Each structure stands twice: as C-alpha cells, then as structure tokens.
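In what follows, a structure is listed as structure tokens, so that the remarks can point back to it.
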Amino acid sequence: MDRLKPTSAPPVLRSTHSRRARRPRSRARCGSWPPRGRSWFPIRPRVPLPRSAMRFSHALIHTVRETPSEAEVVSHRLMLRAGMIHKVAAGIYAYLPLALRSLTKIMAIVREEMVAAGAQELLMPAVQPAELWQQSGRWEQYGRELLRLHDRHDREFCLGPTHEEVITDIVRAQIRSWRQLPVNLFQIQAKFRDEIRPRFGLMRGREFIMKDGYSFDRDDAGASATYERMHAAYRRIFARCGLRCRPVEADSGAIGGSFSHEFMVLADSGEDAILACDTCAYAANQEKATCRPPAPPPPIDGPPPAPVATPGKKAVEEVAAFLHAEPSRFIKTLVYRAGERTVAALVRGDRAVNEIKLTHALGASGVVLASDAEVEGATGAPCGFVGPVGLPAGVEVWVDREVAAMASAISGANRADTHVTGVQPGRDFPLARVADLINAEAGDGCPRCAGTLQLFRGIEVGHVFKLGTKYSAAMGATFLDEQGEKIPAVMGCYGIGIGRTMAAAIEQNHDDDGILWPTPIAPFAVEIVLVREDDAASLEVAARLEEALTRAGHEPLVDDRAERPGVKFKDADLLGLPYCVILGPRGLKEGKVEIKTRATGERLEVAVDEAVAWLTTHLAAT
RNA sequence: CGGGGCGUGGCGCAGUCUGGUAGCGCACCUGCUUUGGGAGCAGGGAGUCGGAGGUUCAAAUCCUCUCGCCCCGACCA
C-alpha cells in the first residue's frame, strides 16, 4: 500500500491489471517523458477489457509449475497445479472457482437426470441429533468415522455421513397412505466422514460433496422398479459426464440391505478391485465377486493322514517349498475372533480369505484375525501349524467350497513343527459349514458363464442400494395399505460422489501436459489465448469473440494476463479446456485465429468471423 | 491404531549428522530489455526454522514433551 506514492498511476487509469498495458510500450516512443522512474502515463487499450470472472487476469486461478509433494495421484496433482482446490485440513478442501464451475456442471447433470427419473430435490441438515441414530441402531454400530459433537446443552449430535435416519424421520412424519407412494427424494450436500486415512485429494476426503437419494415404495416390486430406474439414470449421468464407467455388483456394507451395484470408473489409481468376465456382463467388486464353484472331487480312498516334520516352516509358501508341493494342495487354516466365537476359516493354500464373505457366512458383525496367543490358546498349536484335523470342539470350522472339493490335501497338524499329508475333507474333518470364503482372482472361471474373470481397478463414483425395510421398520416409517394394514415402506438409497466424479474424470482424461476436460463438465468451454494482450487490435477481436461466444452460451475464459505467450500456452494445456482460440497479431493480419482442440492437439486456422460458428458446431458435437 | 517419513518465506527444497551470520529455485513486487510453447539482467519484499520446555556463552541443528501433515496397512463411498 505504501507503494502508492504520488508518482504512481492514479487507480482510475488502471483500466486493466495487465502490466504491459499500463505502461508505455516503449520508452523510446515516449521520448524522455516521463523523465525518470515509474510511468504515470499509461496507454489504454482501445477496447478495455473490464474486470470479469472470465478474465484470467482477475480470476482466482493460480497455476503452479512444481508438483506439490503431497499429491500422489494424477487428479490430485493436476487439480493442485491448476489452482482448483485448496487444502484446509487433512481431507478437507476448499473448491476454488475453477473447480466449482465444473462441480456445478456435474451437479446440474445429476439434477436433470434425477428429476427426469422421477426424484425430487430437498435439502437436509448436515448436523443430526444422536436420537435418530439411536433409533436406527447405528449410533453404536457406526464407528469413529461418525464425527460426534455436543451442543452447549451437552446434547449429542453428529455430522451426517449419510442421511437414511433423517430422511426416514421426514417420511414417517409426512407419509400416511399408500396413495402417497412411491416417493423418491434426493439432495446434494457436503457430507462428513471422519476417515481413518484421507488420501488422493478429492478422491477420499473427509468432507465431500455427495448426491444422496432415497426412495420409498409400497412393496418390493415397486422398490425394484425404482432401483432399475435409478440404475438407468446413473448410467446416463456418468455417460453425460464423459466417463467410461461400469456398474458392478457390490457388497452392501454397513448401510445394510440386500442388493447393490457400484458404478466404477476404470482407472489404475482406483482403490477398488473389480473382477469382470471377459465373455459375459458379469462384473463385481472383489469384496463380493465369486468364481465358478469347483467340480466335486473324484472319490478316492487314500491312507489316513500322515504327519510330516516341518521344523520352523509356517507360511504356506515355506512349507510348500520345503515339501516340494504346490500351494494349491494345502489347506490354510486361519483363526478369527467374531465376538465371543472362535472361528477357523479353511481356504486353499493359494487363496486369500475374504473377510466380508466370512462375516456374512457367520452372520457376525465383523471378524478379526486372532492373535498368535489366541491361536495357540484355542487350538493348542502355534500359529502356522494349525489344521482342520483334530481341532478342539470350541472352534467353529468354516470350509471354503474349494477346500471341500479337494481330494487330498496337506495341512497343519495342530502340533508345533508338524504338518499332515493325505488329509481328505469330509473324511478327516466334517464339512458341516461350507461357503464361498475366498477372494476371486484374475484367471478364475466366471460364475455365470464359461468365461474367465479379469481384474481391473476402479474408482467408485456411484452406488445404488436396495435397502429393504431396515430403516423404515426400525424407525417406524410405515403407511396404511389398501387393506388398512400398517406396513413399513421399502427403501432404496442412491449415492453419487460429486467431487469424486470430477476427480475420476481427470484420472480418465488427462495427458502429460494437463487435464483434457470432457466438454459437458469443463469449467469453461473455450480458452481465448491473447498472444499479445497489449495489442489493441487483438484486444478488440478478443472482446468481440468473447461477447459472441458468451451470447452463444459457450463461456469463454480469456487469458489476458501480461505473461509471455509460452506461459499462457502451457497454462491452457494444464487447465485443459476443450478448445483454445489462439489470437495474435500474426494471424490477425490475415483476419484469422487459430483453434486448437485440446484432446487431439489438432490446430486449424479459421477466419475470425467463423470462429464462433466453428466452435458452436464442435461443442455441440461433444 | 500399527509401521515408516516429513514439518525451514506462498510452493518445492538445502542447511540438522559435526551448535556459531538462515540459504537456493519457483512464485511475488519494481525497473529496463524481451514477446507464437513456462525469457534475460538489475534491484526488492517476505521466514517467531510447527509449538512448548530443557542443555549451552550460543540451538533450525542436541535432549524431552507435544501438535500437524504425508506414505504403507487394517477401515470405508
């Protein structure tokens, strides 16, 4: 501020913040006036560009050349470099103007499709009373991910990680009769989940913007129809956002329920593993995916199990190498604690236990791998030498389907430094509890057809659940049916991570230079690079183009900064708007501008007067 | 919560082992030159070295405690 000495230019003359524009182009041209020091005699452009959000020189867009060290994935890195987001705390971000423009477009698409599919928008509070969560039973179930607060009267609240409780509270107060159903309600709002480890920028934040929708139907058939309608709407939403995405069958997780699909954007940086058939449409999250069940074993009648010394060999790999046998010939016995129960899970030596499947099989709320001491206490054998033959009665034995189908296997002997060979499931230990307990892997057979499963990584951008009556029954969201009978509504719930969708779009659409925005969700449609922003003729054309494009509904961003052209080109590539109009004295001499298509790098020269029409045609096509 | 790492101008880092003038690059400000793919020269502003104790004549540096952030794992959208 103290720099504004009498010699500096009066503010009124700062028609633009362009450094060059507010000082004489050339000292020589001005002779020796002013004699020395700062110029107070700026040349104004003939067509001054007023301050505007669409002028780079005044927009809050601060690009950086260096990659911030915290960014691990490309979307995070590019969003930081392009000045789209600002971290306020771990997993908590401010959305700067550029990001918000894109988010707003995604939200508009979501709204359109949700409304078209029969849903109504509402807005619920972010802060929710503990009471509602106690009614659904989730106050206890939901762990520390639920951020709990106390108000000044010491009453308990939480920050909403999701809104089943509140929506059910609303509907039970509003809905009395079957005539009012079905209803389908959604909101777009900031959610808060106190993630153990937020990471990857907007991909897994603690606060995040989510579209969450909830449907209430009279019966299961109605709920299924709504589910299908939402499923279809989601496909349209993600397609319109320019995402290549695939619905996969999913585990319904803590929200509870019976049937669910996740919408996965395929990306190497994805946190979820997906198995998809190479032949049919089967695709599922690895948490849920099954593979083709094994063929029943040929009947054999081998000798009884024989102990074999395996000193110090604990891991399957070690024992397998020691005995010169394939890991797939082993039975791996993993001891879990599920509440008060002690469970032995038997899987083939080359397989990994899927704890979610095990939890479901047990009907438990969760399982934890037992500690070494617990293992030894329960089985009498040190960890690494536990096996199914001769386990104490207190241990509940669960057998994977593949193990049940093994003709003869090697397992721990329940004695230190010893394994047994020739173990025959069914003969040497009971097959009372058999289930699918393993992670399906790439190369496994498809459960639906003769195809083979392949492994992909994906980012979950949307999730649809059929909830059933879990919340409506617990919280009394009932209505009277045609027979005058009071029954709970059948619910569904439908989420879309808005910020995550934007991040996923960048994951899927970028190159070494920056983002390649899909047109429908690009913050602006076109960037006009003023090669020489101090050139009056260029400014005049830029102003005309900007106005015409705006009138045509195209939202241009004009880079009028007093930077060298190279800087502007690099930033244009980084921001990645679909089209870039390069406007400089060189082309203007022939009445032309250059239009660059960001995604392909194609450039062509068009007459100034044709640029708007060209862009209109091409923007409409994408 | 377990394991690992990092906190030094807005950003990226050096300096810490071996205590002694806080430094570099980018960004920012000023001037001049330059101007179609991240310019050059000159000048300048900006840092309680995450915080609190302690040791010492002297602490970014050594010790103790604490807070924050990042990565791997378990958890989850």
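Below, chain A is the first sequence line, B the second, and so on; all start at residue 1. All values below were derived from every heavy atom in this structure, side-chain atoms included, with hydrogens, water molecules and symmetry-related copies excluded. As the structure is a computational prediction, the values presented were derived from the model and not from experiment.
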Nearest-Å distance for atom pair [atom1]/[atom2], residues [X] and [N]:
X: Asp559(A); N: rG36(B); atom1: CG; atom2: P; result: 15 Å
X: Phe208(A); N: rC76(B); atom1: CZ; atom2: P; result: 14 Å
X: Arg561(A); N: rA27(B); atom1: CZ; atom2: C1'; result: 13 Å
X: Arg193(A); N: rC75(B); atom1: CZ; atom2: P; result: 16 Å
X: Asp535(A); N: rG36(B); atom1: CG; atom2: C1'; result: 13 Å
X: Leu369(A); N: rC75(B); atom1: CG; atom2: P; result: 11 Å
X: Tyr142(A); N: rC75(B); atom1: OH; atom2: C1'; result: 11 Å
X: Lys589(A); N: rG36(B); atom1: NZ; atom2: C1'; result: 12 Å

Say you pick atom [atom1] in [N] and the same atom in [M]; how far apart are they, in whole Å?
N: rU61(B); M: rG53(B); atom1: P; value: 14 Å
N: rG10(B); M: rC29(B); atom1: P; value: 16 Å
N: rC49(B); M: rG9(B); atom1: C1'; value: 10 Å
N: rU48(B); M: rG44(B); atom1: C1'; value: 23 Å
N: rG31(B); M: rG15(B); atom1: P; value: 37 Å
N: rA60(B); M: rC75(B); atom1: C1'; value: 38 Å
N: rG68(B); M: rU8(B); atom1: C1'; value: 15 Å
N: rA42(B); M: rU55(B); atom1: P; value: 47 Å

Assert: residue with more 5' nearest nucleotide on RNA chain B, out of Asp571(A) and Thr67(A), is Thr67(A)
By nearest nucleotide on RNA chain B, pick out whichever of Arg204(A) and Val64(A) is the more 5' one.
Val64(A)
Report each atom pair, protein N/O against N/O of nucleotides 22-25 of chain B, whose distance is under 3.5 angstrom.
| unit_1 | atom_1 | unit_2 | atom_2 | d |
| --- | --- | --- | --- | --- |
| rG25(B) | N2 | Glu66(A) | OE1 | 2.8 |

Candidate list Ile528(A), Leu530(A), Val529(A), test side-chain contact (heavy atoms from CB on, under 4.5 Å), partner Asp560(A), passing option
Leu530(A)
Check each of Leu202(A), Ile209(A), Ile459(A) against Arg500(A) using the side-chain contact (heavy atoms from CB on, under 4.5 Å) test, and report the only one that passes.
Ile459(A)
According to a strict under-4.0 Å criterion, is Arg564(A) in side-chain N/O contact with OP1 or OP2 of rA39(B)?
yes
Report the relative orientation of the aromatic rings in Tyr227(A) and Phe259(A); use parallel for angles under 30°, tilted for 30 to 60°, perpendicular for over 60°.
tilted
Using the ring of each side chain (for Trp, its six-membered ring), is Phe263(A) parallel, tilted or perpendicular to Phe238(A), with breaks at 30° and 60°?
tilted
Stepwise side chain to side chain donor-acceptor pair (under 3.5 Å) test for Ser75(A) and Glu507(A)
CA-CA 5 Å; Ser75(A) 61; Glu507(A) 288 292 329; 2.7 Å; yes
Applying salt bridge (Lys or Arg N to Asp or Glu O under 4.0 Å), run through Glu527(A) and Arg598(A) and close with a yes or a no.
CA-CA 10 Å; Glu527(A) 176 159 340; Arg598(A) 176 63 179 91; over 6 Å; no
The single option from Glu72(A), Glu70(A), Glu271(A) that satisfies salt bridge (Lys or Arg N to Asp or Glu O under 4.0 Å) with Arg199(A) is Glu271(A)
Both distances below 3.5 Å, Watson-Crick or wobble geometry, any strand: find the nucleotide opposite [N].
N: rG12(B); result: rC24(B)
N: rC75(B); result: none
N: rG19(B); result: none
N: rG31(B); result: rC41(B)
N: rG47(B); result: none
N: rC6(B); result: rG68(B)

Tell me, yes or no, whether the heavy-atom count around Arg235(A) atom CZ, taken from other residues, nucleotides or ligands under 6.0 Å, exceeds 12.
no
Could you check whether [X] gets within reach of a base, just the sugar-phosphate, or nothing at all, counting any heavy atom under 4.0 Å?
X: Glu145(A); result: sugar-phosphate
X: Gly495(A); result: nothing
X: Ile496(A); result: nothing
X: Gly462(A); result: nothing
X: Lys596(A); result: base

Would you mind telling me which of rU35(B), rG38(B), rG37(B) lies closest to the side-chain atoms of Arg603(A)?
rG37(B)
Measure from the side-chain heavy atoms of Pro565(A) and tell me the nearest of rG36(B), rA27(B), rG73(B).
rG36(B)
Validate the cation-pi geometry between Arg148(A) and Trp139(A): distance from NZ or CZ to the six-membered ring centre under 6.0 Å, angle to the ring axis within 45°.
yes
What is the minimum heavy-atom distance between Cys158(A) and Trp133(A), and which atoms define it?
SG-NE1, 3.5 Å
List the steps and the verdict of salt bridge (Lys or Arg N to Asp or Glu O under 4.0 Å) for Lys191(A) and Asp212(A).
CA-CA 10 Å; Lys191(A) 295 280 185 282; Asp212(A) 50 324; 3.0 Å; yes
Centroid-centroid distance, Trp614(A) to Tyr579(A), less than 6.0 Å
yes
Grab the N/O contacts between the protein and nucleotides 69-71 of chain B below 3.5 Å, and write none if there aren't any.
| unit_1 | atom_1 | unit_2 | atom_2 | d |
| --- | --- | --- | --- | --- |
| rC69(B) | OP1 | Ala90(A) | N | 3.3 |
| rC69(B) | O3' | Lys87(A) | NZ | 3.2 |

